[in-house]
Structure formats: structure tokens, C-alpha cells
Amino acid sequence: MVAKMDKSATDLLTSPGVSSLFKSLKLKTKQQELLIRVTILFLVYVLAFITRLFSVLRYESMIHEFDPYFNYRVTQFLTEKGFYEFWNWFDSESWYPLGRIIGGTLYPGLMVTAALIYWTIRFLRFSVHIREVCVLTAPFFASNTTLVAYFFGKELWDTGAGLVAAVLIAICPGYISRSVAGSYDNEGVAIFALLLTFYLFVKAVNTGSLAWALASAFGYFYMVSAWGGYVFIINLIPLYVMVLLITGRYSMRLYVAYNCTYILGMLLAMQIRFVGFQHVQSGEHMAAMGVFFLMQVFYFLDWVKHSLNDPKLFHTFLRITVTCAVGLGAIALGVGTASGYISPWTGRFYSLLDPTYAKDHIPIIASVSEHQPTAWSSFMFDFHILLLLFPAGLYFCFKRLSDATIFIVMYGLTSMYFAGVMVRLILVATPAVCLISAIAVSATIKNLTQLVRAKGKASHSASGKGTTSSKASSKGSLDQSLPFQRNGAIALLLGAFYLLSRYAIHCTWVTSEAYSSPSIVLAARGAHGNRVIFDDYREAYFWLRQNTPPDAKVMSWWDYGYQITAMGNRTVIVDNNTWNNTHIATVGRAMSSYEDEAYEIMRSLDVDYVLVVFGGVTGYSSDDINKFLWMVRIGGGVFPVIKEPDYLVNGEYRVDKGAAPKMLNCLMYKLSYYRFGELTTEYGKPPGYDRARGVEIGNKDIKLEYLEEAFTTSNWIVRIYKVKPPNNRSLKCVGIALLISSIAVTMSYEAAKLIPTTSSELWLCFHLGKARSVASPGFEKLI
Amino acid sequence: MGRSTTSKDAEALFHSLHSAYASTPTNLKIIDLYIMFAVVTAVIQVVYMAIVGSFPFNSFLSGELSCVGTAVLAVCLRIQVNKENKEFKDLPPERAFADFVLCNLVLHLVIMNFLG
């Protein structure tokens with residue numbers, strides 16, 4: 001990689017080509033170094049951007065996954081209607097019939113950032129579409145993150161570590177996974193804000209300047225506006241301050257930095273409506289407040305001690321004050337928690353401390369695949385050699401302890417713990433791992449190159465100058481061990497470069513194969529090796545957009561809600577926000593019930609269309625039948641009438657002939673497998689062979705009574721059904737009408753027999769005929 | 001017996017603190033006066049809230065935090081201006097004051113937005 005070669009050029013300035021170039025530019029050494037550094041940073045900036053563009057080149061410039069579609073829709077709204085409308089937006093197109101207060105329940109940072117970039121570019125008269133800006137926002141901020149990583153590394157260790165950190169974080173898969181082009185999600189901007197806040201805070205602690213602390217407060221404000229993970233910052237920084245106080249490294253600079261950051265940061269954070277008053281009311285933020293008060297007491301005591309100069313008196317004072325302060329603090333905390341004023345830790349964050357909590361109590365959090373504990377293979381996949389360099393970097397940090405290195409060690413250890421609890425949080429650990437590994441790499445390479453250069457210089461001077469006998473003898477003795485040391489150093493350097501190049505190859509491969517899929521467009525290899533694209537999702541959403549009335553309501557599982565509102569432009573019942581568990585449980589109950597019960601629920605929710613995702617024809621395994629048990633669990637959590645064992649056979653989940661009867665007749669099964677029994681999916685297998693589950697389905701002859709099939713996409717991945725409205729007249733009324741008319745005709749015939757005129761018979765026949773034409777064709781059967 | 005020694009200790013404490021404090025320079029005493037004023041205002045606001053109730057909570061918070069915030073910033077200024085602090089001997093007092101003014105400006109702008 002070009003960046004790695006340039007890094008090694010720093011100590012190979014003696015090579016003829018490079019030095020002649022610099023000599024021709026008449027640069028001093030310092031300026032040469034600056035030029036090299038700027039060049040490296042520029043290349044890294046470009047590298048970070050272009051390595052994230054795989055999916056744009058392979059497919060097209062589109063938004064990926066599920067959540068980004070909501071963000072995209074909100075950004076569109078913001079650019080069309082303006083900031084005031086956006087801030088006060090109430091959306092009635094999702095969570096029918098409840099609606100959602102979007103202005104007050106989202107983190108606006110990402111959308112406002114993209115809108116500002118869009119308006120800036122428009123101001124410069126480039127007419128871009130908002131979608132292009134949204135797609136490329138994440139790579140742009142990834143490039144900015146590399147710059148911040150450089151400055152942070154410089155602050156922690158030296159410029160070499162900064163450069164290595166920038167390179168490592170530019171291509172690290174842990175970060176790329178959530179910031180690839182098209183992944184328009186909060187994390188793309190939030191990691192930049194996180195690293196920026198930490199860098200500014202460490203800078204404030206190092207310099208003790210109010211200006212840097214103010215900048216850190218603004219960084220924290222940006223982080224709060226961007227992502228809910230800001231809780232990590234507001235807990236890590238107080239923890240760091242505590243560690244510094246305990247280890248005796250407190251200083252005036254720490255006081256200035258923390259207090260200014262905390263007060264201004266807290267005030268700025270409360271401007272975001274979604275956060276509201278949580279900084280003074282929620283249990284997750286109490287650590288920061290506790291440390292704030294602790295600092296006031298601590299520094300007050302320090303000041304008194306300093307001005308008293310008498311240990312005995314000071315001890316008395318200390319005793320009184322500490323007992324008062326601790327007592328007051330404990331009482332306040334106790335009263336606050338007991339009265340419920342200080343709310344306890346919310347489920348989302350509590351499940352990080354107690355990983356088993358979500359599985360038992362909150363099935364929605366447990367069902368998200370990103371919230372599962374991390375396997376070792378994920379760590380290796382996302383970090384590669386950084387995983388080995390991390391402990392080495394920790395060793396170097398402990399060797400040269402300072403306020404800044406203590407911070408990065410704490411950040412690294414806490415974030416690695418959380419990364420072990422939840423897969424999604426590998427993202428938060430990535431900057432720490434990159435920085436610490438960069439310290440290891442930079443320190444090692446520096447030592448090795450010093451060995452190489454020093455021995456080189458010694459041999460030069462021994463050959464160039466005349467030396468005294470003692471020096472000659474000492475050089476002579478050194479000369480014997482010299483070649484091995486120098487060779488050893490060169491060998492180790494080559495080994496290090498080999499490792500780093502393998503890292504680069506691995507990262508690029510991972511980015512290309514694993515993290516660049518849009519999830520909404522699927523690709524596979526056909527029988528002849530050609531690439532087959534499945535664009536079924538967008539096909540279905542555009543069908544919805546063009547073939548259904550504008551006020552149609554669509555019921556689907558909550559995964560697809562954002563995409564349906566963004567691309568299909570129709571009202572949905574539940575979507576990915578998952579704020580109302582009962583509403584989701586109602587949908588889950590409808591999907592797990594028999595068709596007639598489900599019809600009642602759908603009528604009560606005004607549902608017009610039902611959308612299911614089915615992977616049996618293509619072998620797509622993230623379809624609704626595989627997610628069905630979660631629907632049952634979530635529905636059963638609120639409505640005890642849905643019991644999970646009803647759908648299992650001996651604890652096993654099956655869809656073939658041996659499946660549970662409730663499973664074979666529930667709405668989800670019927671909607672997924674309607675008409676599937678006639679389809680042959682694979683050569684040599686019977687019709688109705690489900691390729692995703694690998695079995696032949698149990699119930700092939702499915703009849704739908706209350707729904708009818710509206711649309712199935714070309715590969716059967718998305719299936720849309722229309723809910724039939726109730727009948728105009730029921731069969732009972734028709735039967736009663738026929739009975740009355742037959743009685744009337746018979747009675748008039750009997751009456752007519754008593755009148756002996758032909759005209760009466762004529763009259764009778766006429767009326768009989770009239771009665772026949774009024775009654776339905778079924779009348780013939782009654783006679 | 002215990003009480004008298006404690007009270008004697010407290011008196012001796014008070015006297016030595018008073019004499020130590022008398023030797024501080026005037027500019028620091030002015031800053032201390034400002035801090036006292038801010039803290040007293042904060043306490044008055046809390047007492048008022050306890051009597052009247054905290055209904056527009058954002059207003060209460062913004063008033064409270066403006067007092068606490070400006071007190072804290074004044075303490076930071078005092079630290080940076082104090083000749084006895086070795087860590088800040090390179091910092092010109094004008095720079096410290098300029099930082100103080102800037103932070104207060106930001107603080108009060110946000111307070112005014114939050115006041116509601």
C-alpha cells in the first residue's frame with residue numbers, strides 16, 4: 001500500500017532518489033518531514049473514502065438496509081419543508097392509528113449534517129440530489145475521522161503513532177461495517193463525534209485551557225445530537241476523572257477541563273428534545289453529576305489544606321466535611337432513587353451490564369441480531385492483527401503513563417468489554433483498538449529503525465574518522481555483536497511490514513465480500529457462474545406505490561416498516577422504531593393466529609394490505625418464516641393466548657408434514673406458502689420444496705378465505721395480499737328472502753284455484769313468472 | 001468534654017483560615033465575591049422552587065445552571081489567574097479572562113434558548 005511505503009520512507013531519507021527531489025525543492029529537514037506527513041494524511045483521507053465505495057460501483061448509489069431509509073425520508077422532509085417543520089413534525093403515516101412524534105423522538109444530528117452539506121453544495125450551484133449526499137455522508141465522515149485519529153495519536157504519543165492510527169482506522173473493518181457508502185445511519189457520524197469529543201477532552205486535560213474544554217463541550221453536543229451511544233461518553237469521562245483522583249494525578253487542569261465540559265455539555269445536550277431532562281433525572285447520567293459534586297468537595301478540601309499549613313486542624317476539618325458531604329450525597333441519591341425521581345437504568349443499557357436481562361424480560365431487544373454476544377471469529381474478522389497489537393500497545397502505554405495514556409487505556413478496556421457483550425458495539429471499540437495498536441506499531445518500528453540507523457552510523461563513523469585505540473577496541477567488540485543485531489532488526493522490520501500488508505489485504509477483502517452488500521438488493525451466482533440480481537424488495541415497494549390507493553394501510557413485520565414508508569409511500573402499522581411493544585405484539589398475534597381471528601384483528605386496525613417476505617424459492621434465509629418464532633414470543637409476551645409450544649413439535653420448529661397443526665394453519669404459514677405447493681423449486685425435488693428450510697412443506701393445499709393475493713414478486717421474495725372487505729349481504733338474508741317469496745307464490749296459487757276464470761289463471765301465471773325472475777337461481781332447487 | 005474540644009478546634013480552624021485568607025490579592029477576592037453571589041442566587045432559586053413547585057422545569061434548570069455554571073467558570077478563572085499555581089504560570093491573565101468571557105457567552109446563549 002502506498003501509505004505504508006511512504007511511512008517507511010521517513011527513515012530511508014538517505015535513498016538517492018528522494019533526497020535529490022527534496023534537494024531540488026530546497027527544503028530543510030523539518031519542512032521535508034511536514035511535506036511527507038501532509039502527503040500521507042492526504043492519501044489516507046482519499047483511501048478511507050474510496051475503500052467504502054464498493055457497493056456504489058457494483059450496484060448503484062442507493063441507501064442500504066432498513067434504518068437508513070427512515071433517516072433518508074426524514075432528511076428529504078427536512079430539505080423540502082425546512083427546519084421548523086422538521087423540528088415539530090408529527091407523522092401520521094407510521095404506527096397507524098397512533099402516529100409518531102418524529103420531531104421529538106429522533107437524534108437529529110445526522111439529518112441536519114446531511115442537509116447542511118446539501119445546502120452548501122447547492123449554494124455552490126452543483127445540483128445534486130439529496131440521495132447522493134445521503135449515500136456519501138458516511139464515507140466523508142470516515143475520512144474526517146482519520147484526521148481526528150491522527151491528532152489524537154499525536155496528543156497521546158507522537159506524530160508517528162498519529163499517522164499509523166490514521167492508516168489503521170481508515171481501513172479497519174470494524175468501522176467500515178457501519179460507515180460504508182449507502183449506510184446512512186447514525187453511527188457513521190457518531191464515531192467521528194465520539195473520537196472528536198475524546199480528543200478535545202484529552203487536549204483540555206493536557207493544556208488546562210477553557211477554550212479546549214468549550215470545544216469539547218461542543219463535540220459532546222454533536223455526539224448527543226447524533227447517537228444514543230453518547231451515554232458511553234458521559235459515563236467514561238467521570239470514570240476517568242475518578243481514576244485520576246484515586247491515583248493521585250489530580251491537578252488544576254483536570255478541574256478546569258471537567259467542570260467546563262460537564263456544565264456546558266449538559267446544558268447543550270438538553271437542547272435536544274429526545275434527550276430532554278435525562279441528564280438530571282436518569283440513573284445512567286448520575287455518575288457524571290456525582291463526580292461533579294465530588295470534584296467540588298475534593299478541590300475545596302485541597303484549597304483549605306493548602307491555605308491552612310497545619311495538618312492537625314486540617315484533619316479535623318476533613319473529618320467534618322467528608323462525613324457531611326458523604327451523608328448528604330447518600331441521602332440525596334437514596335431519596336431520588338426510592339421516590340422514582342431518578343429513573344433506573346433503561347433496558348437497553350441495563351442489558352449491557354447484565355447480558356441475560358433482555359432475553360428474559362424484553363424479547364424485542366433480544367431478537368435483534370446485532371444485539372447478540374460477540375464470537376471470537378467476529379473479533380478476528382473485524383480486527384485481524386490489531387487484536388494482537390492491542391495488548392502490546394497496552395504494555396507501551398503502561399510504560400509511559402500520563403494523563404492521556406491513562407485515558408486511552410480506560411477507553412480501550414471498557415469498550416472491549418462492551419464489544420464482547422454486543423456485536424454492534426465492536427464499532428465503539430474500533431477507534432480505541434486502532435489507537436493503542438498504533439502506539440505499539442509506532443514504538444516498535446521506531447526502536448527497530450533506531451537500531452538499524454545507529455549501527456549504520458557507528459559503522460560509517462568507524463570507517464570515516466580516525467579513532468583512538470579505546471574507541472577502536474570498543475567498536476571492535478561491538479562489531480562482533482553488531483551484524484546480528486542489525487540483521488535481527490532488519491528482519492523484524494520486514495516481518496512488521498509483512499504483517500501490516502496482510503492486514504491491509506484482509507481489510508480490503510472483508511470490505512469487498514462482507515460489508516458492501518446493500519441488503520435490499522441480493523446477488524447470487526447462477527448455474528453458469530453469472531451474477532444474478534434479486535431486486536424483489538424494490539419491485540414490491542414500487543408496486544405498492546403505483547397500484548394501491550394513497551391512503552392504504554399496510555401490515556407487515558416491523559423490519560420492513562421504514563422501507564415501506566420511504567419507498568412505497570404508504571401508511572404502515574408498525575415500523576423499526578419499535579417504541580410501542582403492545583402494537584407490535586398485536587401484529588405478532590395477528591400473524592400467529594388462524595385466519596378468521598387474524599381477520600378480526602386486521603379489521604380493527606383498518607389494514608388493507610399484508611406484506612410478507614418469503615425465501616423458499618430463492619433460499620433466502622432472512623425471511624418471515626425464520627423470524628416467525630420471534631413474532632410468537634413477542635405476541636405471546638402481551639397476549640397469553642399465543643403460546644410458543646403450540647407451534648413447536650418436541651421443542652423443534654418445523655414446517656413440513658410433522659409440524660404442529662397450529663403452525664400449519666396460522667396466517668403467516670398460509671400467506672407464505674399460498675400456491676407454493678404447485679411450484680417446483682429445484683430439480684429432483686418434489687413440488688413445494690422449501691429451499692430455505694430444506695424440507696417439503698406440510699400443508700400444500702392452502703385456501704384463503706378473507707384475503708386474496710395481490711402481488712408476488714418475480715422471485716417470490718415479497719408477497720402482498722389484499723384484505724377483503726366484509727360482504728355486502730350475507731347468505732342468511734338471501735335464504736330468508738327466498739323462503740318468503742316461495743310461501744307467497746304457493747298461497748296465491750291455492751287462492752287462484754278457487755276462481756274459475758281463465759283470466760285468473762293467466763293472472764296467476766304472470767305473477768308466478770314475475771316471482772321466479774325476482775328470486776335467485778337457487779329458487780329452482782327449493783321447488 | 002468532646003464538644004468543647006470540637007468547638008475549640010472549629011474556632012482555631014476558623015481563625016487560621018481567616019488569617020490565611022486575608023493575605024490573598026484583591027483581584028482574587030473580587031472573583032471570590034462573585035462566586036459567593038452566584039452560589040447564593042442558586043440557593044435562593046432552589047428554595048423558591050421548593051416553595052412554588054418546579055412546573056416549567058426547563059426554566060428552573062436554566063436558571064439554576066446559569067448560576068452554577070458561572071460560579072464554576074469563575075472558579076476556573078481564579079485558578080488560572082492565581083500566581084501561586086505553577087501549572088498556569090505561562091498563561092497570560094488576559095487570555096484566561098478572554099476564555100472566561102467566551103465560555104460565559106456560550107453559557108448564557110444556551111440558557112436563553114432553554115429558558116422557554
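Order of the sequence lines sets the chain letters (A, B, ...), proteins ahead of strands, with each chain counted from 1. FYI, side chains are in, hydrogens and waters are out, and symmetry mates aren't considered; it's all heavy atoms of this structure.
- Dense packing is recorded around CG of L401(A), with more than 12 heavy atoms of other residues, nucleotides or ligands lying under 6.0 Å away.
- Counted within 6.0 Å of OH on Y48(B), heavy atoms from surrounding residues, nucleotides or ligands total 12 or fewer; the atom is thus considered open.
- A 6.0 Å sphere centred on CZ of F97(B) holds no more than 12 heavy atoms belonging to other residues, nucleotides or ligands.
- Here the straight-line distance linking atom CE of M252(A) with atom NZ of K86(B) works out to 11.5 Å at 0.5 Å rounding.
- The part of F218(A) that comes within reach of chain B is its side chain, from C-beta onward, which places non-hydrogen atoms under 4.5 angstrom from that chain.
- To the nearest 0.5 Å, the span separating CG on L210(A) from SG on C76(B) amounts to 5.0 Å.
- In terms of non-hydrogen atom pairs under 4.5 Å with chain A, the most contact-rich of V106(B), V68(B), T24(B) is V106(B).
- In this structure, the portion of I263(A) lying under 4.5 Å from any heavy atom of chain B is its side chain and not its backbone.
- In this structure, OG in S209(A) is found 6.5 Å from CD in Q80(B), a value given to the nearest 0.5 Å.
- Counting only heavy atoms from C-beta outward, the side chains of M270(A) and L65(B) approach each other to under 4.5 Å.
- The neighbour count for R95(B) CZ, taken as heavy atoms of other residues, nucleotides or ligands under 6.0 Å away, does not exceed 12.
- Contact annotation for T207(A): only backbone heavy atoms (N, CA, C, O) come within less than 4.5 Å of a heavy atom of chain B.
- Heavy atoms from other residues, nucleotides or ligands lying under 6.0 Å from CD of E84(B) number 12 at most.
- Closest non-hydrogen pair, F114(B) versus L267(A), comes out as CD2-CD2, 4.0 Å.
- Per-residue counts of heavy-atom pairs under 4.5 Å with chain A were compared for N113(B), L91(B), L102(B), L77(B); the largest is that of N113(B).
- Residues of residues 52-61 of chain B that come closer than 4.5 Å to chain A, counting heavy atoms only, are F57(B), N58(B), L61(B), ordered by residue number.
- In terms of heavy-atom pairs under 4.5 angstrom with chain A, the leader among L73(B), I111(B), I79(B) is I79(B).
- With a 4.5 Å cut-off on non-hydrogen atoms, F292(A) touches chain B through its side chain but not through its backbone.
- Here the side chains of V75(B) and Y255(A) are in contact, with some heavy-atom distance below 4.5 Å.
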